[in-house]
Amino acid sequence: MKKVRVRFAPSPTGLLHLGGLRTALYDYVYAKKHKGDFILRIEDTDRNRFVEGAIENLISSLQSMGIDFNEGPEKDNGYGPYIQSERLELYRKYADQLVESGKAYYCFCSKERLDQIREEQAAKKLPIQYDGFCKKLTKEEVQQKIANGEEYVIRLNMPKDDLFTFNDVIRGEVQIDSSQVDDQVIIKSDGFPTYHLAAIVDDHLMEISHVLRGEEWLPSTPKHIFIYESLGWDQPEWVHLPLILNTDKSKLSKRHGDFSVEAFVQQGYLKEALVNFVALLGWHPQTDDEIFDLDKMIEEFSFERVNKAGAVFDKTKLDWMNGLYIRKLDLSHIVDLAKPFFKEAGVDISDSTKFEHVVSCTREYINTLKEAPEFAQKFYSDPVFTESAAELMKNEDTKTICSYMITKLEALETIDAPEAKSMLKRASKDLKIKGKHFFMPVRAALIGEEHGPDIPLIIEILGIEECKKRFSNALNM
RNA sequence: GAUCCCUUCGUCUAGUGGUUAGGACUCAGGAUUUUCAUUCCUGCAACAGGGGUUCGACUCCCCUAGGGAUUGCCA
């Protein structure tokens with residue numbers, strides 16, 4: 001069997017988005033599973049859409065998700081360069097070869113003419129295609145026009161009465177009548193190739209075994225097959241992945257919000273959750289397990305378990321899963337990840353022992369790291385009282401409890417949660433105030449809310465001095 | 001308009017001729033907890049429709065409908 005070599009080939013036109021992440025993920029786990037190579041190739045053949053810094057961002061986003069490519073820019077394994085704009089001669093060479101063999105031809109049609117024929121075809125409700133006008137040009141005429149400096153493109157000379165039948169790993173046999181396939185431009189007037197030529201040339205030269213790409217490429221696959229055949233090359237396996245959709249079922253796009261990996265990370269989503277969640281959009285392991293890491297996915301991944309239908313991206317479930325990981329992963333790891341969010345919120349977290357306690361407590365309540373500072377605000381600044389908590393403070397019992405607590409705390413040097421717990425127990429007994437009539441006022445006095453974390457834990461986090469301060473403040477309300 | 005792809009709870013999905021159609025998220029109820037959150041339990045909720053094939057269809061075939069993608073000198 002041919003060595004597995006798969007590639008993720010994004011265009012540097014922006015940030016890595018969820019769809020790209022999933023494609024890269026499937027590429028990666030498939031390569032890993034079959035001890036193959038995972039190649040990153042940059043498809044920057046559209047100079048107009050190139051975004052400065054996008055290549056670097058794509059690479060860092062991938063790495064931040066734990067997806068490493070073992071071949072690509074800066075990691076040449078003999079198949080480079082891996083950036084298409086550095087491979088222009090190659091595309092030109094094969095385009096010439098296609099022209100030579102009659103599988104492609106020069107076209108000098110103006111944009112105006114193209115627009116016009118499209119308009120006419122639309123009016124007549126015909127398929128919209130190039131009409132082959134320049135196909136009849138003789139070699140001499142072509143030479144003459146080029147010599148005159150006329151702008152040109154090179155188009156594929158698609159057969160018109162053929163049936164393209166190919167096998168898609170996900171969908172099975174797909175048939176497309178060649179009359180439906182346009183004479184696609186493969187070399188643009190600026191001399192750059194289009195995707196259709198560049199991707200095929202590179203996939204062949206880089207010995208790609210499986211082409212994983214979005215389903216939107218399915219209709220143009222005949223063009224690609226035609227190039228393979230015309231050049232006498234063997235086709236790779238076609239693996240068209242189902243689309244990730246917006247809630248309205250349209251292809252996930254920027255118009256509906258920012259679905260970049262970077263944005264999710266900034267919103268406090270964990271790579272474990274993002275990867276896990278996105279993997280499930282179109283793929284499912286054999287078991288009912290939904291929580292898994294990259295290693296387990298490598299073990300279990302197969303194309304047979306990839307779905308055909310598009311998957312709607314549902315943030316609610318991502319939130320749940322993210323919360324799960326926030327609670328499940330090592331505390332120290334979550335503490336590190338939470339730091340930037342607190343810093344950004346302007347919280348002084350220099351007391352690392354306290355901060356660790358705060359995070360340990362806070363993570364039980366949140367689904368994204370971004371929510372953490374707001375929840376933890378009660379541990380770092382004076383409590384903001386809810387209306388009902390403030391009401392509680394006026395209660396006589398509350399005053400009694402607070403004074404009692406202050407006295408008891410004064411006798412202590414340090415306190416931890418178990419000690420606090422027994423102190424509270426004694427207090428409740430001594431004061432003969434029980435259950436929520438005792439605990440609610442205490443919590444309210446300490447954090448300004450009736451509901452929230454375990455009181456002993458709050459006391460431990462706050463420390464003796466802060467507790468005393470808050471109890472006496474409560475006394476004066 | 002044309003071509004192609006797709007169609008199980010609201011959403012992600014399991015299911016490959018015989019199942020009480022399973023799981024997860026959401027939602028509702030309950031248990032635990034001084035409270036909230038977590039956790040656990042229970043519940044609500046689906047095979048797009050119509051024809052076949054078959055002793056038997058969610059599963060196979062056809063049609064219809066719906067959705068999506070493509071239809072660029074973007075990828």
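For clarity, every value in this text was computed on a predicted model and none was experimentally measured. Letters A, B, ... mirror the listed sequences (proteins, then strands); counts begin at 1.
- Heavy-atom distances under 4.0 Å link RNA chain B to Arg118(A), Lys125(A), Leu126(A), Pro127(A), Ile128(A) of residues 117-130 of chain A, given in residue order.
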Could you write out each protein N or O paired with an N or O of nucleotides 59-62 of chain B at a distance under 3.5 Å?
none

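- Not one side-chain nitrogen or oxygen of Ser220(A) sits closer than 4.0 Å to the OP1 or OP2 atom of U71(B).
- Rounded to an integer number of Å, the gap from Met321(A) CE to G23(B) C1' is 12 Å.
- Across U34(B), U26(B), C73(B), the shortest atom-to-atom separation from the side chain of Thr316(A) is found for U26(B).
- The side chain of Glu215(A) has C5(B) as its nearest neighbour among C74(B), A14(B), C5(B).
- For residues 354-369 of chain A, no residue pair satisfies the salt bridge (Lys or Arg N to Asp or Glu O under 4.0 Å) rule, not counting sequence neighbours.
- For the salt bridge (charged side-chain N to carboxylate O under 4.0 Å, His left out) test, residues two or more places apart in sequence or in another chain that qualify with Arg49(A) are Asp46(A).
- Note on Glu450(A): a base of the nucleic acid sits closer than 4.0 angstrom, heavy atoms only.
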List the atom pairs, with distances to 0.1 Å, where a side-chain N or O of residues 7-15 of chain A and a protein N or O form a donor-acceptor pair under 3.5 Å, not counting sequence neighbours.
from     : atom 1 : to        : atom 2 : distance (Å)
Arg7(A)  : NH1    : Asp203(A) : OD1    : 2.9
Arg7(A)  : NH1    : Asp203(A) : OD2    : 2.6
Ser11(A) : OG     : Glu43(A)  : O      : 3.3

Detail all sub-3.5 Å separations between protein N/O atoms and N/O atoms belonging to nucleotides 38-41 of chain B.
from   : atom 1 : to        : atom 2 : distance (Å)
U38(B) : O2'    : Glu364(A) : OE1    : 3.3

Under 3.5 Å, which donor-acceptor pairs link side chains of residues 235-243 of chain A to any protein atom two or more places apart or in another chain?
from      : atom 1 : to        : atom 2 : distance (Å)
Gln235(A) : OE1    : Trp238(A) : NE1    : 2.8
His240(A) : ND1    : Asp168(A) : OD1    : 2.7
His240(A) : NE2    : Arg213(A) : NH1    : 3.0
His240(A) : NE2    : Thr221(A) : OG1    : 3.3

If you apply the rule salt bridge (charged side-chain N to carboxylate O under 4.0 Å, His left out), what do you find for Glu215(A) with Arg171(A), and how did you get there? CA-CA 10 Å; Glu215(A) 191 192 339; Arg171(A) 282 146 232 284; 3.8 Å; yes

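- Side-chain proximity of Arg305(A) to A14(B), G23(B), A75(B): nearest is A14(B).
- Using a 4.0 Å cutoff on non-hydrogen atoms, no part of residues 13-27 of chain A comes near RNA chain B.
- The residue among Ser11(A) and Asp182(A) whose nearest nucleotide of RNA chain B lies closer to the 5′ end is Asp182(A).
- Close to G10(B), at under 4.0 Å from its OP1 or OP2, lies no side-chain N or O of Lys249(A).
- Partners of Glu272(A) under the salt bridge (charged side-chain N to carboxylate O under 4.0 Å, His left out) rule, at least two apart in sequence or in another chain, do not exist in this structure.
- Note: CD (Glu43(A)) to P (C74(B)) measures 14 Å, nearest angstrom.
- Aromatic ring pairs are classed by plane angle as parallel below 30°, tilted from 30° to 60° and perpendicular above 60°; the pair His210(A) and Phe303(A) is tilted.
- Taking the ring pair (Phe, Tyr, Trp, His ring centres under 6.0 Å) definition, one finds that Tyr26(A) meets it with Phe301(A), sequence neighbours left out.
- Applying a 4.0 Å cut-off to non-hydrogen atoms, the residues of residues 148-173 of chain A that approach RNA chain B are Val153(A), Arg155(A), Arg171(A), listed by residue number.
- With U34(B), G68(B), U70(B) as the choices, the nucleotide that has an atom nearest any side-chain atom of Lys436(A) turns out to be U34(B).
- Nearer the 5' end of RNA chain B, as judged by each residue's closest nucleotide, is the contact made by Asp288(A), out of Asp288(A) and Pro456(A).
- Applying the salt bridge (Lys or Arg N to Asp or Glu O under 4.0 Å) test to every pair with at least one member in residues 435-447 of chain A, sequence neighbours left out, gives no pairs at all.
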